[in-house]
Undergrad: 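First the structure, which I've put down as structure tokens, then a few questions once you've had a look.
Chain naming here is simple, since letters A, B, ... match the order of the sequence lines and numbering starts at 1 in each. What you see is a predicted model; the values in this text were computed from it and never measured.
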Protein chains: 2
Amino acid sequence: MAVVDHVDESIIELLTRDARMPFSEMARVLGRSTSLIKRRVEAMRESGVIPGFTIAADPSRFEGTEAVVEIFCRGNVSTTELRTLLGGLDGVVTAVSVAGAADAVVILRAPNNEALGEIVETLRASSRIERTRTSIVLDRLAH
Amino acid sequence: MAVVDHVDESIIELLTRDARMPFSEMARVLGRSTSLIKRRVEAMRESGVIPGFTIAADPSRFEGTEAVVEIFCRGNVSTTELRTLLGGLDGVVTAVSVAGAADAVVILRAPNNEALGEIVETLRASSRIERTRTSIVLDRLAH
DNA sequence: GCTGAAAGCCTTGACCC
DNA sequence: GGGTCAAGGCTTTCAGC
């Protein structure tokens, strides 16, 4: 199990805000040496704490549609099953299992409403899913 | 409106895969000069095509709690108001306004359940928000 | 609009505590 | 685990086309 201490947390915070920030600048901000920052980042990448660096919000939002889909399962469906179910699905931006009214919440993205509809159809076709509740994203408020 | 040509698209593709890729390397891959790459990236950041660079998937799975919060507003609340409301809030990973049952969906992250509770409390304190519906994230299924 | 070159900064890796 | 330092690479800027 990866252990993440206070320095690692600070690094993650900085990189989340700007993944291109130079190690040397992080070192200055955190009052540590550049090589330490480098080693920590490398260690976190290897252990999977930091899976990679990417563009903050996907530029595809300039075209296409997004939706938040709540998934209600039939009976008890394991996390593994959910993962398999969603793994083969196109357009999944984020998917989490939750404790609440729904069993899982998925954020989908597609080129247009029609394509989005097809993805939701695919989901509904599963015998393990009882119903879904879709909200179309109108606007991005943060991040 | 921002115009994105073929070079810009290639840059976005490379940066999506690795936001820390050096400009000089992108220049080699794309057969262009380093200065061109730099200027294009700067232009895209300014125009908002690239909002920023961050860590690919969030590290929260190692510590802390996440929650999906649906927000139901009192009467009509504009996107601008929602943005202001959520702008001052800690732990906001993603926030979108939606067409559906709720008015907005927010994904929150906090060090623990207590801190998460406080953030939701802050939200509820707003006179513009009628009620919220919180689902705690149990597991990350994708991304 | 794009390139190329020079100066300075950053990263890297070996070495030491 | 953490710091220092030198070599080489990267970024940045701007003259030139």
Undergrad: Kindly compute the distance separating CD1 (A:I129) from CG (A:D103), expressed to the nearest 0.5 Å.
TA: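 The CD1 atom of A:I129 sits 9.5 Å away from the CG atom of A:D103.
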
Undergrad: Just the rounded figure in Å: distance from P of D:dG2 to CZ of A:R39.
TA: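 So the two atoms are 9 Å apart, to the nearest Å.
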
Undergrad: When the distance from CG of A:L30 to P of D:dG1 is rounded to whole Å, what number comes out?
TA: 17 Å

Undergrad: Please classify the nucleic acid contact of B:S35 as base, sugar-phosphate, or nothing, using heavy-atom distances under 4.0 Å.
TA: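 Base, at least one base atom sits under 4.0 Å.
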
Undergrad: Give a yes or no answer on whether the side chain of A:S24 reaches the backbone of A:T34 with a donor-acceptor pair at less than 3.5 Å.
TA: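 Judged by distance alone, no pair lies under 3.5 Å.
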
Undergrad: Would you say A:R20 places a side-chain N or O within less than 4.0 Å of OP1 or OP2 belonging to D:dT11?
TA: yes

Undergrad: Tell me: CE of B:M26 to P of D:dC10, nearest whole Å?
TA: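 About 12 Å, once rounded to whole Å.
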
Undergrad: With a 4.0 angstrom cut-off to heavy atoms of chain A, pull out the first and last contacting nucleotide of DNA chain C, in 5'-to-3' order.
TA: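 Boundary nucleotides touching chain A, in 5' to 3' order, are C:dC10 to C:dG13.
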
Undergrad: Locate the shortest heavy-atom distance separating B:R20 from A:M26; write the atom from each residue and the value.
TA: NH1-CE, 4.2 Å

Undergrad: Applying the side chain to side chain contact (heavy atoms under 4.5 Å, CB included) test to B:T65, which of B:L138, B:L108, B:N113 qualifies?
TA: B:N113

Undergrad: To the nearest 0.5 Å, tell me how far B:R17 CZ sits from A:I55 CD1.
TA: 11.5 Å

Undergrad: Both A:R28 and B:G31 contact DNA chain C. Which one's nearest nucleotide lies toward the 5' end?
TA: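 Of the two residues, B:G31 wins.
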
Undergrad: Could you check how far CD1 of A:I11 sits from P of D:dG1, rounded to whole Å?
TA: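 Nearest whole value for this atom pair: 13 Å.
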
Undergrad: Is the shortest side-chain heavy-atom distance between B:V120 and B:T132 below 4.5 Å?
TA: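 With C-beta onward as the side chain, the pair touches.
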
Undergrad: Are OP1 or OP2 of D:dG2 and a side-chain N or O of A:R40 less than 4.0 angstrom apart?
TA: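 For D:dG2, OP1/OP2 do have a side-chain N/O of A:R40 under 4.0 Å.
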
Undergrad: Looking at the side chain of B:S24, which of D:dC10, D:dT12, D:dG2 is the nearest nucleotide?
TA: D:dC10

Undergrad: In this structure, are over 12 heavy atoms from other groups packed under 6.0 Å from A:N112 atom CG?
TA: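 Counting other residues, nucleotides and ligands, CG of A:N112 exceeds 12 neighbours.
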
Undergrad: Could you state the CE-P distance from B:M21 to D:dG9, rounded to the nearest angstrom?
TA: 18 Å

Undergrad: May I have the distance from B:F23 (atom CZ) to D:dT13 (atom P), rounded to whole angstrom?
TA: 11 Å

